[in-house]
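The structure appears below as C-alpha cells.
Sequential numbering from 1 along the given sequence is applied to the chain's residues. For ligands, and for the atoms within them, numbers begin at 1 and follow the listed sequence.
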Amino acid sequence: MWPGTVHRSFECGVREMINDQKVMFSAMQATGDLTLGNYIGALANWVKTADDYMSFFSVVDQHSITVRRKVSDLRQNCRKSLAIYLAAGLDPEKHCIYYQSHVPAHAQLAWILSCHTYIGELNRMTQFKDKAAKNESNINAGLLTYPVLMAADILLYQADVVPVGVDQKQHLELTRTLAQRMNNLYGDIFTVPEPYITKVGQRIMSLQEPGRKMSKSDENPNATVFILDDKDTILRKFKRAVTDSDRTVRFDRENKPGISNLMEIYSVATGQELSEIEAAFDGLGYGEFKLAVGEAVVKMLAPLHERYEAIIQDKTYLDNIIKSHAEKANYFAVRTLWKVEKKVGFPVHIR
Ligand code: AQP
C-alpha cells in the first residue's frame, strides 16, 4: 500500500511514512540476459514474498558499468530485465520497480558511505577479487567500491529484508556494518537489513563446471541457462550438463556437485523435496533425470515467457512504469538522503 500524498513533509522519514510496514529491497545488474540462477536465487523469491512488504526492486544499471560493455546492449538489457521482473509476477500496482540511474540519491548516498568505508574492508570482498582477476586490464575503482553503492541501494529505502543468492551475503554483511557504523556515529539513521536466503537454490552452479556459480557472463554457452532461452535450448543445455561417473541420483554437494545442482533446480521447479527426488529416480539413469530437469524448467518458465512477449512489445506500458516508478522511488530515497546529509553536517536544503 503506497502512502500517496499523506506525508508530504520532507521532515518525515521513510519509516514514519510507511507506518512501520516492513520494507523489502532487491536488485539485479543488467550485465546480460538474466539467468536461471538469477531466477531461482532471487527473482522467484521476490515474487513469492513481495506482497508481505513495501517492496522496491531495481535494475541496477550503475552497477553494470564496472565492466566495459556496448552502450546499446546495456540499455536493451535494462529494458529486458524490467520486462522480466514484470513477467515473473511483480505487480507495478503494489511494488516499486525502477532503474537505479533514475534515482540520483543512490550515487549521492554511496559517496557519503564511501567516506565511512575502509579500503581493507573492500579489498576483502571475494567478488572484487574474482572480478579483478577476470578483468586484469580494467581494475577500476568502481569494481572495488561496488559494495558501497549496493549498501546505498539498500539503506536508502530503510530495507528490513533483502532477498539474495548466497554470493551476495558478504556484501550484505558489509551493508549491515556500514548501517551500524553510521548509526553509532550520527544517531539512528538506518534500518539494519537482514538477508533472505533460501535453503535450496541459494547458489545455482554452472552446468559445465559445477564448482562455479552460474553466471550471465560465462563464456561457455552451455554453462548457463537464460530465463528467456527457448524450450529446445533449455532441454539441450540440460542434456549436456556435466555430472559424474556414478549412476545414482543422490544429493551430495561435495562429491556429486553436478547432480546435486540439477537436483536443487528440479526441487525448486517441481516443489519436491530432495529426498523425494532421490526416491523417484532410484534406479533410473542420468539421461532420464536430465531430461526431467529440463522439462521441469521449461514448464516453470513457460508462463513467464508468455507474459514477457506481450510486455516487451508494449512500449507505452513499460515507459509509463519507468517514469512513474522513478518518481515513486525518488520520493522515498530523497527523504533518507536528506536525513543523512543533515546528520553528517551538510547545509540543510531550503524548501
Ligand atoms: N547462480 C546463482 N545462483 C543463485 N543466485 C544467483 N544470483 C546471481 N547468480 C546466482 C542472484 O541474483 C541476484 C542478482 O545478481 P546480479 O545479476 O546483480 O549479480 P551477479 O551475482 O554478479 O550475477 P552474475 O550472473 O554472476 O553476473 P556477471 O556474470 O555479470 O558477474 C543476486 O541476488 C544474486 O545473489
Side-chain angles (χ1 to χ4, degrees), residues 24-50 56-70 73-74 77-78 80-82 84-85 88 90 99-100 106 125-135 138 142-143 146-147 149-151 153-154 159 161-173 175 193-221 223-228 237 241 253 257 260-262 264-265 267-269 297:
M24 172 180 280
F25 174 89
S26 203
M28 290 192 197
Q29 296 185 76
T31 43
D33 289 332
L34 299 185
T35 71
L36 186 64
N38 293 132
Y39 183 79
I40 291 178
L43 187 53
N45 299 320
W46 300 0
V47 174
K48 253 184 255 155
T49 48
F56 295 83
F57 299 108
S58 186
V59 175
V60 284
D61 45 2
Q62 291 172 318
H63 283 286
S64 310
I65 60 167
T66 53
V67 175
R68 294 274 173 274
R69 342 201 148 261
K70 220 168 112 192
D73 283 355
L74 176 57
N77 287 336
C78 288
K80 280 164 83 176
S81 297
L82 194 82
I84 289 178
Y85 287 9
L90 294 183
Y99 293 147
Q100 181 189 33
H106 285 251
M125 295 292 123
T126 47
Q127 183 174 294
F128 169 66
K129 291 185 210 164
D130 290 350
K131 293 217 164 171
K134 271 201 222 161
N135 297 286
N138 181 24
L143 212 51
Y146 178 108
L149 180 57
M150 178 168 158
D153 301 337
I154 296 165
V161 177
V162 185
V164 284
V166 77
D167 58 311
Q168 293 297 331
K169 197 168 172 228
Q170 196 185 28
H171 288 169
L172 209 66
E173 272 158 17
T175 302
E194 295 288 338
Y196 170 88
I197 299 174
T198 52
K199 231 168 112 197
V200 175
Q202 55 174 254
R203 190 172 163 86
I204 299 301
M205 309 308 275
S206 152
L207 296 190
Q208 291 301 308
E209 290 177 74
R212 285 172 43 166
K213 187 184 87 153
M214 183 180 283
S215 250
K216 299 185 199 84
S217 55
D218 201 308
E219 277 161 17
N220 185 337
T224 302
V225 173
F226 295 102
I227 293 179
L228 296 180
K237 286 180 180 175
R253 219 180 249 141
S260 301
N261 187 38
L262 295 181
E264 286 205 43
I265 294 171
S267 170
V268 173
V297 169

Any K131 heavy atom less than 4.0 Å to ligand 1: yes
Presence of salt bridge, E264 and R253, under 4.0 angstrom: yes
A side-chain contact here means heavy atoms from C-beta on lying under 4.5 Å apart; do N261 and L207 qualify? yes
T224 side-chain N/O to N220 backbone N/O, donor-acceptor pair under 3.5 Å: no
Please answer whether the main-chain N or O of S217 pairs with a side-chain N or O of S215 as donor and acceptor at a distance below 3.5 Å. no
Q127 and D167: side chain donor to acceptor below 3.5 Å: no
Any chance NZ of K129 has more than 12 other-residue heavy atoms, nucleotides or ligands included, within less than 6.0 Å? yes
Would you check if I227 and L36 make a side-chain contact, meaning some heavy-atom pair closer than 4.5 Å? no
Is it true that T35 and N38 share a donor-acceptor pair across their side chains at a distance under 3.5 Å? yes
Check each heavy atom of A42 against ligand 1 and say whether those closer than 4.0 Å belong to the side chain, the backbone, both or neither. side chain
Taking a cutoff of less than 4.0 Å between a non-hydrogen atom of the residue and any ligand atom, is T35 in contact with ligand 1? no
Starting from atom 26 (O) of ligand 1, find the nearest protein heavy-atom neighbour and note its residue, name and distance. S215 OG, 2.6 Å
Between K216 and ligand 1, does any nitrogen or oxygen pair lie at a separation below 3.5 Å? yes
Determine, considering heavy atoms only, which of Q127, K213, M214 sits nearest to atom 20 (P) of ligand 1. K213
For G41, counting its heavy atoms only, list the atoms of ligand 1 lying under 4.0 Å from any of them. 4 (C), 5 (N)
For the pair W46 and Y85, name the ring-plane relationship: parallel under 30°, tilted 30 to 60°, perpendicular over 60°. perpendicular
Close approach of Q202 to ligand 1, heavy atoms, under 4.0 angstrom: yes
Can you find a heavy atom in the side chain of L149 that is under 4.5 Å from one in the side chain of H106? yes
Atom CG of residue position L74 - does it have more than 12 heavy atoms of other residues, nucleotides or ligands inside 6.0 Å? yes
Is the contact between T31 and ligand 1 made by the side chain, the backbone, both, or neither, using heavy atoms and a 4.0 Å cut-off? side chain
Does any part of the side chain of V268, heavy atoms only, come nearer than 4.5 Å to the side chain of V200, both counted from C-beta? yes
How far is atom 34 (C) of ligand 1 from the closest protein heavy atom, and which atom is that? D167 OD1, 3.5 Å
Looking at atom 6 (C) of ligand 1, what's its closest protein heavy atom, distance included? G37 O, 3.4 Å
Which ligand 1 atoms are under 4.0 Å away from a heavy-atom of A27? 14 (C)
Under 4.0 Å from ligand 1, counting heavy atoms only, is it the side chain of I204, its backbone, both or neither? both
Nearest non-hydrogen protein atom, atom 32 (C) of ligand 1: Q168 CG, 3.9 Å
Looking at ligand 1, does S64 have a heavy atom less than 4.0 Å from it? no
Looking only at protein heavy atoms, identify the closest one to atom 12 (O) of ligand 1 and say how far it is in Å. N38 ND2, 3.1 Å
Are side-chain heavy atoms of D153 and S58 found at a separation under 4.5 Å? no
Nitrogen or oxygen atoms of G165 and ligand 1 under 3.5 Å apart: yes
Mode of M28 contact toward ligand 1 - side chain, backbone, both, neither (heavy atoms, under 4.0 Å): both
Tell me which protein heavy atom sits closest to atom 19 (O) of ligand 1, plus the residue, atom name and distance to 0.1 Å. Q29 NE2, 3.1 Å
Could you tell me the residue and atom name of the protein heavy atom closest to atom 29 (O) of ligand 1, and the distance to it rounded to 0.1 Å? S217 OG, 2.4 Å
I40 touching ligand 1 at heavy-atom level, < 4.0 angstrom: no
